[in-house]
Amino acid sequence: MKISSSTERKIIYSVLFIAVALPLLFPIGWKTDVSGYTRMAYDLIEESPDESVVLISFDYDPSTMTEIQPMAEAQIEHAFKRNQRVIATALWPMGVQMAEQAFSSVIKNYPDKQYGIDYVNLGYKVGGMVTIQAMGRNLSEVYPADQGGTPYAELPMLKGINRLKDLAWISSLSSGTPGLKEWVMVAGDSYGVPVTGGCTAISAPGFFPYVNEQRQLYGLLGGLKAASEYEGLIDRIGPATMKMDAQSIAHLLILIFIAIGNVKAYVSRRRVAQ
Amino acid sequence: MKQIWLVLFIIFFVYALSAQSLLLKDVPWDDGKALELHWQFPAVPDSIQLSMSDRMGNPIDLSIPLSQSGMQVVRDLDPGQEYQIQATISFGDQQTSLTASSKTKEQWFYMHKMAFLILLLLICLAIIYYITAARHGKDFFIRRISGLDSMEEAIGRATEKGKPILFVPGIGDLDDIQTIASLTILSHLAQRSAEYNTELIVPCRFSMVLSAAREVVKEAFMKAGRLDAYKPDNVFYLTDDQFGYVAGIDGIMLREQPAANFFLGSFYAESLILAETGFSTGAIQTAGTAQAHQLPFFVVSCDYTLIGEELFAASAYLSRDPQQLGSLKGHDFGKLMVILLIIAGVILEIAGMSNLKDFIAGALK
Amino acid sequence: MTSFFTTFGIWLSALFTISIFSFLYKDNPLYKFSEQVFVGLSAAYWLVNIIYSIMIPNLFSKLIGDFSGNLILLIPAALGLMMLMRIHPATQWISRYPIAIMIGTTAGISMLRYMKSDILNQVTATMINPFAASSTGAVIGNILLIIGTLCGVYFFYFSKKQEGFFAVPSKIGIWFLMISFGATFGYTVMARISLLIGRLEFLLGNWLHLIK
Amino acid sequence: MKRSFPLVFAFIVGFLVLLAEFIPHRPFNDLISTLENWFMIISGFAILLGQISLIRVNSQIIAHKEENWQYHLAGMISFALMLIFGLLWGMREAPGLLGSGESFVNQMGMKPFDYLFTYAYMPLSATVFSLLAFFIASAAYRAFIIRGFESNLLMITAVIVIIGRTSIGSMLTGWLPESLRFWHIPNLADFIMEYPNTAAQRAIMISAGLGIVGSSLRIILGIERSYLGGDK
């Protein structure tokens with residue numbers, strides 16, 4: 001039997017489509033282990049004092065929101081739980097919309113949290129590393145006003161917060177440049193503010209060297225799996241947890257594809273040898 | 001005996017009482033915007049009232065924890081100013097007041113950045129030295145890059161089969177150094193293929209890359225003395241769109257069945273599609289990129305892969321351009337330094353000495 | 001009750017999602033159309049955001065609010081306008097000044113930050129006593145970490161012929177790189193699958209209401 | 001002349017940044033602080049420039065009726081639509097030239113600009129990269145063939161990580177006794193990430209970092225000047 005390569009491709013595409021769709025329609029509810037990196041990020045937020053002001057930078061766009069949006073929601077919820085006040089910023093213009101969506105989804109469970117007192121959305125600034133460095137000197141110079149045009153000085157929760165050093169922790173949710181790397185380099189290594197963060201699974205392996213005893217990075221959430229682990233740690237049944245079954249099945253399928261492909265290649269190589 | 005204990009106790013108590021102090025001093029090696037406040041009390045006080053002000057009498061917000069001794073840094077002060085503190089400390093119904101004053105001073109160097117400065121200077125000087133030396137005609141040794149071995153093999157195979165060679169200069173624009181490195185390698189490849197009279201196809205994503213690539217290939221054909229064989233249409237623009245570009249190359253690979261594919265330059269998500277199609281056509285594949293995320297896909301589906309810096313090294317190796325060569329040697333100096341530092345550091349750590357580590361980390365007191 | 005606009009919006013999203021997926025079958029007009037719409041929307045989004053997030057608060061508001069106090073901002077504004085001169089070939093050379101300032105600043109800052117974070121701090125993070133770890137696993141891990149880093153850096157050292165003894169660390173370095181590429185491979189598979197799950201969840205849930 | 005002055009500018013600015021890192025004394029910090037704010041504004045213009053040239057390229061394609069010009073026309077129409085919506089009624093909290101478009105917000109639930117973002121931009125952006133899941137699946141079957149020791153090493157690691165980062169990994173070896181916990185697949189995956197992967201990534205980081213230090217130095221010293229573009 002000889003299948004043309006384009007048919008072969010289409011079969012593979014269909015199988016993957018079904019394999020992902022089925023567990024979404026009929027959830028299984030498998031449990032997963034929590035990795036050390038996720039726990040480290042969790043501990044940083046858990047151990048920061050009440051009432052402290054923290055910053056989450058939304059450095060991603062809708063293309064990776066499936067992976068990163070759950071982290072944003074989980075971290076905001078965790079900060080709210082610990083009574084910390086959250087500043088949202090963005091190094092990517094689309095990040096502002098992502099921040100808005102994340103807040104509006106978490107706020108449903110925390111109706112008493114008020115804009116300006118418990119959280120603010122300062123919005124997007126261009127410039128990446130240079131801009132973070134400027135924030136380290138003076139936040140209000142970089143952000144003269146929030147999204148709606150309210151001056152920096154008139155936002156109650158920002159009183160006494162003049163520069164990055166005044167924050168308890170910074171988390172960069174990042175899917176590229178500028179993002180977590182720039183925050184680690186400037187806010188972490190240069191200004192000494194604890195930095196944690198989340199990124200797409202693709203960039204995660206490249207960030208692990210920063211998680212070391214120099215504390216360049218406090219833990220790391222890498223991809224949807226880490227987001228679901230985090231949701232587990234703060235007892236939240238969130239969007240990431242609901243997708244893990246589909247993720248597991250798809251991984252299994254990819255492995256099966258690799259196995260079949262290798263067997264096929266082995267057989268055809270032997271045939272050639274004979 | 002009891003009396004001796006009593007006397008000792010009184011002496012100790014008096015000493016402890018006299019030990020109460022409040023000290024304000026400049027933070028050393030800084031921008032003159034902070035002072036250190038040190039305090040030492042005979043016991044944990046019941047309350048502390050602090051008032052701090054500058055010379056004009058403007059108050060400055062300050063509070064310290066109720067503890068027997070400690071240190072706190074007061075920030076956001078003005079450099080070169082005199083500041084004073086008045087403290088009223090009460091133990092039960094007993095009250096003491098203390099004062100302290102000091103002036104902020106700004107210095108000309110951050111002492112904790114000494115190692116940073118020294119090492120940065122060393123690396124920079126090495127790079128400058130090697131570039132200058134290379135420009136003055138000194139030829140430096142660079143080891144053979146094994147990924148480049150494919151070039152002869154690829155040309156050989158293509159000539160034998162009468163099929164073309166496909167060269168993809170990545171999806172970066174001309175401002176990406178990976179694209180520049182890729183074009184340097186293209187120049188070499190074009191020259192060899194001109195010598196062997198093998199067709200070379202170069203699809204480009206950006207118009208800037210296109211004109212640069214045409215220039216490079218034409219020059220290479222000229223060098224090989226085969227300008228007559230140069231076909232400008234073999235170096236062409238495909239599309240600006242990332243996936244459209246890859247789909248186009250896919251089509252070329254399936255239609256033309258090139259004997260060898262070169263994917264050199266900056267690649268993103270599309271690397272996998274290229275490598276897969278190329279693999280299925282059975283071509284000899286050579287890939288190279290500094291994009292660490294994409295390397296795995298190239299490694300599993302290509303015969304040769306230039307990993308990260310190897311791309312730049314290959315470019316310097318082939319071009320012998322003094323600037324590239326000199327920089328590469330300078331970076332090599334840095335790598336050697338890193339290796340030696342790590343080895344020394346690990347040995348010292350095992351021996352229980354962390355001076356070197358602290359010095360580099362800027363934590364040495 | 002969901003409004004007409006919400007329902008319409010979800011159908012629009014579904015249409016765009018499916019048009020992009022149609023590329024899997026083959027490159028077709030619907031895909032090309034959606035793709036150009038994406039490019040157009042993205043450009044407009046950037047433009048509008050630059051105006052509202054940078055130009056207005058950091059430049060115009062300051063100048064309008066307190067012109068004499070912010071006179072110095074006229075310099076970056078002028079440099080910015082010089083940047084726009086790049087559009088026309090005849091005036092292109094003017095844009096070299098703002099570009100030089102931007103590139104110079106970026107070069108200075110990246111040099112410092114990469115030196116500190118990616119070189120010095122990585123060196124000190126590798127200066128560890130491997131035997132100080134609590135478990136056997138961690139001791140082995142730390143030894144691997146030191147050897148792997150050293151051999152990995154050596155792999156990228158181009159000034160020495162890698163023959164005989166000198167080929168050994170380079171070989172070990174490649175092994176470590178391969179393990180790391182394997183990990184990246186695994187993580188990439190994970191990431192791509194996650195994105196697909198996100199889209200299918202939208203199609204099956206928000207659009208078709210099949211997910212409870 | 002047209003080239004050497006900008007090079008001097010780049011040198012001065014770059015050198016100032018370097019000095020300010022090591023000198024706490026005035027006026028360096030204030031200078032750099034000003035420079036950083038200027039940088040932000042100039043970058044804003046640079047992005048404007050990028051978008052403007054994109055429009056120019058597209059309108060040329062449309063004007064010359066080049067291949068696929070109709071699609072580019074559709075792109076430009078959506079560009080104009082989004083831009084006009086944004087300028088007239090603003091986005092999110094920020095009001096536009098005609099105020100905040102309350103009547104739209106009442107009807108559509110959000111401003112027209114945000115509506116286009118949510119229902120057109122977002123699905124498009126999110127879907128493009130999800131295509132890669134399919135490509136990976138097909139490449140897994142057709143191209144990820146093990147050949148030789150090094151690619152074996154790569155594939156074995158990949159398999160451990162792919163299994164280890166799912167629930168299946170947790171279940172597969174969840175029965176292992178406490179003494180053998182190291183071999184539990186999720187733990188094994190964590191071990192790989194923490195040690196060998198970190199070592200290799202650190203090596204890549206160090207050598208790439210040296211490359212960046214080198215190229216920055218060349219830019220500041222004016223040896224590298226290709227960024228100025230134009231004539232050679």
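As the structure is a computational prediction, the values presented were derived from the model and not from experiment. Proteins get letters first, then strands, A, B, ... in listed order; numbering begins at 1 in each.
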A.B. asks: Under 4.5 Å heavy-atom distance to chain B, tell me which part of C/Tyr154 shows up: side chain, backbone, both or neither.
C.D. replies: both
A.B. asks: Would you check if the distance from the ring center of B/Phe140 to the ring center of B/Tyr130 is below 6.0 Å?
C.D. replies: yes
A.B. asks: Pick one of side chain, backbone, both or neither for B/Val346, based on which atoms fall under 4.5 Å of a heavy atom in chain C.
C.D. replies: both
A.B. asks: Sort C/Glu35 into side chain, backbone, both or neither according to what part of it lies under 4.5 angstrom from a heavy atom of chain B.
C.D. replies: side chain
A.B. asks: Which residue out of B/Lys113, B/Lys335, B/His331 racks up the most heavy-atom pairs below 4.5 Å with chain C?
C.D. replies: B/Lys335
A.B. asks: Could you look at B/Leu328 and say if it's the side chain, the backbone, both or neither that has a heavy atom under 4.5 Å from chain C?
C.D. replies: side chain
A.B. asks: Taking side chain as C-beta onward, heavy atoms only, is C/Tyr157 less than 4.5 Å from C/Val153?
C.D. replies: no
A.B. asks: Closest approach of B/Ile127 and B/Ser327, non-hydrogen atoms and distance?
C.D. replies: CG2-CA, 4.3 Å
A.B. asks: Let's test your reading of the structure: which of C/Ile119, C/Leu112, C/Leu177 forms the most heavy-atom pairs below 4.5 Å with chain B?
C.D. replies: C/Leu112
A.B. asks: At a 4.5 Å cut-off on heavy atoms, which part of C/Phe131 comes close to chain B: side chain, backbone, both, or neither?
C.D. replies: side chain
A.B. asks: Out of C/Asp27, C/Thr184, C/Thr124, C/Thr149, which one racks up the most heavy-atom pairs below 4.5 Å with chain B?
C.D. replies: C/Thr124
A.B. asks: Please flag which part of B/Ile145 lies under 4.5 Å from any non-hydrogen atom of chain C: side chain, backbone, both or neither.
C.D. replies: side chain
A.B. asks: Taking all non-hydrogen atoms of both residues into account, name the closest pair between B/Gly170 and B/Phe267 and its distance.
C.D. replies: CA-CZ, 3.5 Å
A.B. asks: Is a salt bridge present between B/Asp332 and B/Lys329, judged by a nitrogen-to-oxygen distance below 4.0 Å?
C.D. replies: no
A.B. asks: Quick check on the interface: out of B/Leu119, B/Leu295, B/Ile339, who has the most heavy-atom pairs with chain C under 4.5 Å?
C.D. replies: B/Ile339
A.B. asks: Which atoms of C/Phe23 come close to chain B, meaning under 4.5 Å heavy atom to heavy atom: side chain ones, backbone ones, both, or neither?
C.D. replies: side chain
A.B. asks: Give, as side chain, backbone, both or neither, the part of B/Ile307 having an atom under 4.5 angstrom from any heavy atom of chain C.
C.D. replies: both
A.B. asks: Could you have a look at B/Arg144, B/Arg143, B/Glu349, B/His293 and say which one has the most heavy-atom pairs with chain C under 4.5 angstrom?
C.D. replies: B/Arg143
A.B. asks: Taking all non-hydrogen atoms of both residues into account, name the closest pair between B/Ile360 and B/Ala115 and its distance.
C.D. replies: CA-CB, 3.7 Å
A.B. asks: Where does C/Lys160 contact chain B at under 4.5 Å (heavy atoms): side chain, backbone, both or neither?
C.D. replies: backbone
A.B. asks: Which answer fits B/Ala351, side chain, backbone, both or neither, if we ask what part of it has an atom under 4.5 Å from a heavy atom of chain C?
C.D. replies: neither
A.B. asks: Against chain C, label B/Phe243 side chain, backbone, both or neither, depending on which of its atoms sit under 4.5 Å from a heavy atom there.
C.D. replies: both
A.B. asks: Return yes if a side-chain donor-acceptor contact under 3.5 Å exists between C/Gln162 and C/Ser170, otherwise no.
C.D. replies: yes
A.B. asks: When you compare the side chain of B/Leu306 with that of B/Phe298, does any pair of heavy atoms fall below 4.5 Å?
C.D. replies: no
A.B. asks: What distance do C/Leu30 atom CG and C/Phe16 atom CZ have between them, rounded to the nearest 0.5 Å?
C.D. replies: 9.0 Å
A.B. asks: Counting heavy-atom pairs under 4.5 Å to chain B, which of C/Asn121, C/Ile174, C/Leu150, C/Ile146 comes out on top?
C.D. replies: C/Leu150
A.B. asks: Would you say the side-chain atoms of B/Glu276 and B/Ser301 include a donor-acceptor pair closer than 3.5 Å?
C.D. replies: no
A.B. asks: If you compare all heavy atoms of B/Tyr245 against all heavy atoms of B/Pro203, which two are closest, and at what distance to 0.1 Å?
C.D. replies: OH-O, 2.9 Å
